[in-house]
Amino acid sequence: MLFLLLMATLALADGTGNVAIPNVDLRLAQPSLGSSAALWTDDSGHIDGSHVVMGMGVDYLRNPLVAMYESGLREPVVSNLLALDLNLGYVVRRWRLGARLPVMLLSTGSRDADSPGLGDLGFDTRFTLLDSANTPMGLALAGRLGLPTGDVGSGMAYGAMTWEATLVADTRPGSFHIAINAGYRGLPSEDLPALTWDDQLLLRAALARFFGDDLSLSVEAVVLQDISASSGSIGGTPAEATFGFHERIVSDLLVHAGVGTALTQGIGSAVFRGTLYFTWNPEPATRRTKTSNERTAPDASPQTTPQAAPLLPEGAVGRNDTDTDKDGVTDSHDSCPRQPEDRDGYQDEDGCPDPATPVVIRLEDPDGNAIPDVQASIDGPGHFSSNESTFGLDLHPGSYHLWAASDAFFPIESDITVGGEALEIVRVMEPRPPTMARVRLKVTDPFGNPLDFALKLDANASLPVEGGEIGAMVLPGRHSFLVKADGFADKEIELEVDAGESREVELHLVPLD
């Protein structure tokens, strides 16, 4: 692949040669925390359980900052920059939270920085709106916050707080993955000769091609645009292009390697960039080759029962057969030779991505109301759980077992059969009978003599009581007791009782004048 080899320059008006390293981060982008097919460009992620993400790698830049004088003299202010990135994150369904620590290992040039040193500590977040593994297009909102913890003048620190807000979109047509990040970076203003370095618009874009499930190649571009009044300077629009290689070397460990070069003569546009980065990023249960559309390719008959075949290692072929989609099932046994099998433990031998049937489950009380604080699980060809009374799933055809429980309701168990058509399943949960509370009420005159009285409990009708005493079973909660007796002032009390509680209350009525 042909790369543009352009020298990154900073146009300066004076010829003094007194050029210091500005308080900026010369690296146009930092490694994505969790992307499996790109170096700098984030994706929408997968709404699939929770896991830890870790990353570590080195990033080398050649000539990211070169001063050019009117005399024609070029001064490599920073000729070599070597950085170490340490990243740690946690993914829980739609959310990803992470922290970044860049370390400057080496900085050489006419103005060498003190080596080693720290870059600005950063915090990363992403919220997935749509998951591209299950929808035609993925969508997410991402943000970064940088703290002024780095060594100023190192070429990797701003000396003030920074932030970034990004809209992430991606799609996965066939064996390709396309991702775009567009957003805004809030940066401290830095006055440089012929340029004010300030807030920026950003664009990151990646095109990746998968070869099987564990290997991909990518092409990426990173472009920044200074929005300050002097952004017309050539230094205010840095851009780079990168060619990347990505492979899952073990089940959860990926290696990323990339080389890149400048596309413009902007600050930070390195004439050469090389990156080697390792991430611990567990493979989601929904594989990247997963589709939920058709079970049968156009050239296969839907009435034909696929013939079982032994599975081959990824990318392997038989002696006299080919494997067009590289899914380990040779074409003579593959019912979908142009659609790779998703290998999720369900009918993996037919070579076809498996169908997904939309299923909506509703848990209700006998009056049709939602069940509060419910916990539900479904087991079958896969395990799923939810704490919502109404939830939807995409399930493979087969038999499942539903279990649900709530503190105020009897638990239920139910068998579910999923076919090829969408289902809505309603299950009714019966409430547990409440435990009653006992209240004994005694009514006397000021001298302790029992009085005949009338009792009104809550909104019920008045009840005559002889002998000055009555016992009652009431539901747990707050109740109102109104007592009336001839010749005495009415008296009302509020009483709150717990389930199973026994309470005795004595009231003394005051005679009327």
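What's counted below: heavy atoms across the whole structure, side chains too, no hydrogens, waters or symmetry copies.
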Practice item. Kindly compute the distance separating CD1 (I361) from CD (E388), expressed to the nearest 0.5 Å. Key: 13.0 Å
Check your understanding: Has D379 got more than 12 heavy atoms of other residues, nucleotides or ligands less than 6.0 Å from its CG?
Key -> yes
Check your understanding: Ion pair present between R185 and D199, side-chain N to carboxylate O less than 4.0 angstrom?
Key -> no
Check your understanding: If only atom types and distance count, is the side chain of R248 paired as donor or acceptor with the main-chain N or O of N281 below 3.5 Å?
Key -> yes
Exercise for review: To the nearest 0.5 angstrom, please state how far the CG atom of L33 sits from the CE atom of M54.
Suggested key: 11.0 Å
Revision key, fill the gap. Scanning both residues in full, the closest heavy-atom pair of P64 with V78 reads CD-O, 3.2 Å
Study note, to complete from the structure: Looking only at heavy atoms, the pair that brings A239 and S269 closest together is N-OG, 3.1 Å
Review point. Hey, are the side chains of S414 and W403 touching, using non-hydrogen atoms and a 4.5 Å cut-off?
Key: no
Revision key, fill the gap. Smallest heavy-atom separation, P188 atom then T162 atom, equals CD-CG2, 3.7 Å
Review point. Is any side-chain heavy atom of Y60 closer than 4.5 Å to a side-chain heavy atom of N80?
Key: yes
Review point. Are any side-chain N or O atoms of D252 and backbone N or O atoms of W280, one a donor and one an acceptor, separated by less than 3.5 Å?
Key: no
Check your understanding: Do side-chain atoms of R93 reach the backbone of S50 as a donor and acceptor pair under 3.5 angstrom?
Key -> no
Exercise for review: Kindly write out the residues that satisfy side chain to side chain contact (heavy atoms under 4.5 Å, CB included) with S35, not counting sequence neighbours, or none if the list is empty.
Suggested key: S32, A38, D43
Check your understanding: Will you find, in the side chains of T149 and D120, an N or O donor that is under 3.5 Å from an N or O acceptor?
Key -> no
Check your understanding: Counting distance only, does the side-chain N/O of T357 pair as donor-acceptor with the main-chain N or O of G419 below 3.5 Å?
Key -> yes
Study note, to complete from the structure: By side chain to side chain contact (heavy atoms under 4.5 Å, CB included), S79 pairs with (sequence neighbours left out) R62, N63, P76, T108
Check your understanding: Is L81 close to M104 at the side-chain level, that is, under 4.5 Å between some pair of heavy atoms?
Key -> yes
Check your understanding: When rounded to the nearest 0.5 angstrom, what is the spacing between CG in L395 and CD1 in I378?
Key -> 6.0 Å
**Study point:** Derivation of the side chain to side chain contact (heavy atoms under 4.5 Å, CB included) call for Y158 and L187
**Key:** CA-CA 8 Å; Y158 287 98; L187 305 177; 3.8 Å; yes
Check your understanding: What distance separates W163 CH2 from R144 CZ, expressed to the nearest 0.5 Å?
Key -> 13.5 Å
Study note, to complete from the structure: So salt bridge (Lys or Arg N to Asp or Glu O under 4.0 Å) across residues 414-427, not counting sequence neighbours, yields R362-E424
Check your understanding: Any side-chain donor paired with an acceptor under 3.5 Å for Q225 and T237?
Key -> yes
Check your understanding: Does a salt bridge link D42 with R126, judged by any charged N lying under 4.0 Å from a carboxylate O?
Key -> yes
Study note, to complete from the structure: Nearest heavy-atom contact between G268 and L28 is O-CG, 3.7 Å
Review point. Under 4.5 Å between any side-chain heavy atoms of I416 and H401, yes or no?
Key: no
Check your understanding: Can a donor-acceptor pair be found between the side chains of Y277 and D59 at a distance below 3.5 Å?
Key -> no
Check your understanding: Between S175 and R209, is a side chain to side chain contact (heavy atoms under 4.5 Å, CB included) present by the stated rule, with each step listed?
Key -> CA-CA 6 Å; S175 58; R209 169 72 160 86; 3.1 Å; yes
Exercise for review: Check the side chains of T261 and R273 for a donor-acceptor pair under 3.5 angstrom, ignoring hydrogens and angles.
Suggested key: no
**Study point:** Heavy-atom side-chain contact between W95 and T125 under 4.5 Å
**Key:** yes
Exercise for review: Tell me, with the steps shown, if T166 and E164 meet side chain to side chain donor-acceptor pair (under 3.5 Å).
Suggested key: CA-CA 7 Å; T166 311; E164 177 181 308; 3.2 Å; yes
Review point. For the atom pair OG (S44) and CG (L130), what is the distance rounded to the nearest 0.5 Å?
Key: 8.0 Å
Review point. Does any non-hydrogen side-chain atom of S377 lie less than 4.5 Å from one of H383?
Key: yes
Revision key, fill the gap. Closest non-hydrogen atoms of E364 and V426, given as atom of the first, atom of the second and distance, are OE1-CG1, 3.7 Å
Point to revise | Donor-acceptor under 3.5 Å (S216 side chain, A37 main chain) | key: no
Check your understanding: To the nearest 0.5 Å, what is the distance between CG (L167) and CG (N181)?
Key -> 8.5 Å
Check your understanding: Would you say I180 and L203 make side-chain contact, with heavy atoms under 4.5 Å?
Key -> yes
Check your understanding: Can you find a pair of side-chain heavy atoms, one from R100 and one from L88, that are under 4.5 Å apart?
Key -> no
Check your understanding: Are the side chain of E240 and the backbone of A270 linked by a donor-acceptor contact shorter than 3.5 Å?
Key -> yes
Practice item. Would you check if the side chain of S406 reaches a backbone N or O of P372 as a donor-acceptor pair within less than 3.5 Å? Key: yes
Point to revise | No-hydrogen, no-angle side-chain donor-acceptor test under 3.5 Å, T242 and E220 | key: no
**Study point:** Verdict with supporting geometry, V91 and V53, side chain to side chain contact (heavy atoms under 4.5 Å, CB included)
**Key:** CA-CA 7 Å; V91 177; V53 180; 3.9 Å; yes
Revision key, fill the gap. Between T417 and S399, the two heavy atoms sitting closest are OG1-OG, 4.3 Å
Review point. Between H256 and H246, what is the ring plane arrangement, given parallel below 30°, perpendicular above 60°, and tilted in between?
Key: perpendicular
Exercise for review: Mind running side chain to side chain contact (heavy atoms under 4.5 Å, CB included) on F243 and L217 for me, showing each step along the way?
Suggested key: CA-CA 8 Å; F243 175 78; L217 300 178; 4.3 Å; yes
